[in-house]
Amino acid sequence: MQHASSFSADLTAWLAERLAAAFPDHPEAAAAARAVPSAKAGFGDCQYAGAMALARTLRLPPRKIAEAVLDGAALPDFVEKAEVAGAGFVNFFVKDAALASRAGECAADGATAGIPQIGAGKTAIVDYSSPNVAKSMHIGHIRSTVIGGAIVELFRALGYTVVGDNHIGDWGTQFGVIIKGWREFADMEAVERDPVPELERIYKESYARAKADPAWMEACRLETVKLQQGDPENRALWQKFISMSRHTFDEIYDRLGISIETTRGESWYQPQLAAREERLEKSGLAHESRGALVVDLRDFDPAAAEQSRKAVESAREKGDAESEAREDGKWICIVRKEDGGFNYNTTDLATMETRVKEYAPSKIVIVTDDRQIPHFQQLFAISRRIGLAPDSTELVHVAFGTITDENGHPFSTRKGGMPKLKELLDEASSRALAIVREKNPDMPGEEARALAEKIGIGAVKYSDMAMDPATTIKFSWDSVLSLQGNSGPYLQYAYARIRSLLAKYDATYPGEDRHGAPIATADPLERALAMRIVAFGDTVAAAGAKCRPNLLADYLFALAQQYSAFYQALPVLKCDEPSIRASRARLCDAVASVLKRGLALLGIQAPERM
Ligand code: ARG
């Protein structure tokens, strides 16, 4: 039988039943049931540690609660024994045979076994990548694209129906600036060659002129108004800028192996904005302030009001007028500007409404850098308050740290700026090519280049996902392109090595059936490896639930290290006991399957040969 769950997930369900039976008047006990893989050897394979937290509400010592859970109950069939330990833990010991059979399943079916299907029947929307039109994607955008892409894959593996949505920035006053510049000084040859950098140049130059010259500024404003009123020429130009940009984005997505289901940019929502704003005004949550329509979160959120009062007060005490104004402004969300125009907030409210209505999602996840934390705090609070997002829809902002230069300073556009994404990928690929050539001097050129691209892109993606999304990344070529240690290439290499070991096994022992061999876990290194293998499903569940692909990266690295320890201590090909030899080969196969699937969830390919 295939297991669409893990030991921990099965035990969690079992615990919930037990707690419900033992404490029928306290449904919160069953609701908080949770088994997790034990952290330390000697504490069983899985553990329940919830009794301590329940002691107060149940008015019972934790050990009594733990005993009540086990009292007279039949254990799940895969559990050898369960015991109460320490302050009130329950430790579960898994039967060797059950462990062996589940570890074997991981080898058989591309490691889908054991991933709890917690998303079955549910929809998740992931808003990621979302670059802005007429600007190059720089290495900052890679984080949203790569982290978002991994979250999509994790959700899918957990059974969710996933809608990826590329919320591109394709609307706003910048288009009037570009249109004016385009008419006056576009270099058509440069556009032919590489349109996006030219659009960027046009924008920068036109913007600089607007700042210096009120007449130019007014001309830009008029171009924006004409665009918004549907003037055919301006519309056509705007469409052209979008399609040129999207073409460039697509080249990058192709190389990264990312494909995003939907691209609904900001412009898509514009027709709904007037009605949206009117409803907001009628709801009484928005009010006029200096000609603009604003929502002040402090008006209806006492916690926000208190937090704001403290921050403003302390800034005032320090005599810091600037941060006082900033603290005050943090809570005010402008939904219609002074000039009657709409902005990012208005668009995002409409986006929220459409997504909820159209998909009834159980989760909406938006991946951007951490400068947008206040924006999404406001958006989520307002959406809840005016009923755009029901409680059944979880709203998550995955905010990743920005990328700084090696000294921790923000990249400045003046001093050359951040490396362009394309340059980064090219460099990664060519560094990998040098290594591929060195290791495989006889590999044909085409094949070597294709392999190097997989390794280079894998390295760049992995370096981004190996860290908690929240951390700030200090950019350095060497760390991004690292091919050793906790890196994508290290894991790709571990996979390729196991595949070649298995090929050797098959060639040396053609009569032996490693696919059907029972897995033996007599040696502690075998058992520890099997336990790691079956922890894959729980890891996918945790990484998905927390939107942290790095948890999966950490797991894969630990698995590869556990494998090394096993492989260094115990012979596989040279083992002279055929049944143990076949068992170990099957364990190797399971490790390879999990590595391959795990890397795939991170969007990284695992070549058969390196
Ligand atoms: N275009 C934005 C940026 O580059 C990100 C959009 C994120 N999604 C959203 N619904 N606001 O910063």
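In listed order, ligands and their atoms are each counted from 1. Computed from a predicted structure; not experimentally measured.
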Under a 4.0 angstrom heavy-atom cut-off, which atoms of ligand 1 come close to Thr368? 7 (C)
Does this structure show an ion pair linking Arg355 with Asp127, if we count only N-O contacts that are shorter than 4.0 Å? yes
Below 4.0 angstrom from a heavy atom of Tyr344, which ligand 1 atoms are there? Numbered from 1 as shown, please. 2 (C), 5 (C), 6 (C), 7 (C), 9 (C), 11 (N)
Flag if over 12 foreign heavy atoms under 6.0 Å of NE2, His287: yes
Which one holds for Asp369 and ligand 1: side chain close, backbone close, both close, or neither close, with close meaning a heavy atom under 4.0 Å? neither
With no hydrogens and no angle check, do the side chains of Thr346 and Glu277 hold a donor and an acceptor under 3.5 Å apart? no
Sub-6.0 Å ring centroid separation between Tyr490 and Phe557: yes
Please say whether Asp348 places an N or O atom under 3.5 Å from an N or O atom belonging to ligand 1. yes
Considering only the protein, which heavy-atom contact is closest to atom 2 (C) of ligand 1, and what is its distance? Ser130 O, 3.5 Å
Is it the case that the ring center of Trp268 lies less than 6.0 angstrom away from the ring center of Trp171? no
Show the atoms of ligand 1 that are less than 4.0 angstrom away from any heavy atom in Asn132. 1 (N), 2 (C), 3 (C), 4 (O)
Among all protein heavy atoms, pick out the one at the shortest distance from atom 12 (O) of ligand 1; state its residue, atom name and that distance to 0.1 Å. Gln372 NE2, 2.7 Å
Can you find a side-chain donor-acceptor pair between Ser267 and Asp170 that sits under 3.5 Å? yes
Could you tell me whether Arg449 and Glu453 have a side-chain N and a carboxylate O separated by less than 4.0 Å? no
Using a strict cut-off of 4.0 Å, indicate which atoms of ligand 1 neighbour a heavy atom of Phe376. 9 (C), 11 (N)
Please could you name the atoms of ligand 1 that Asp127 approaches to less than 4.0 Å, counting only its heavy atoms? 7 (C), 8 (N), 9 (C), 10 (N)
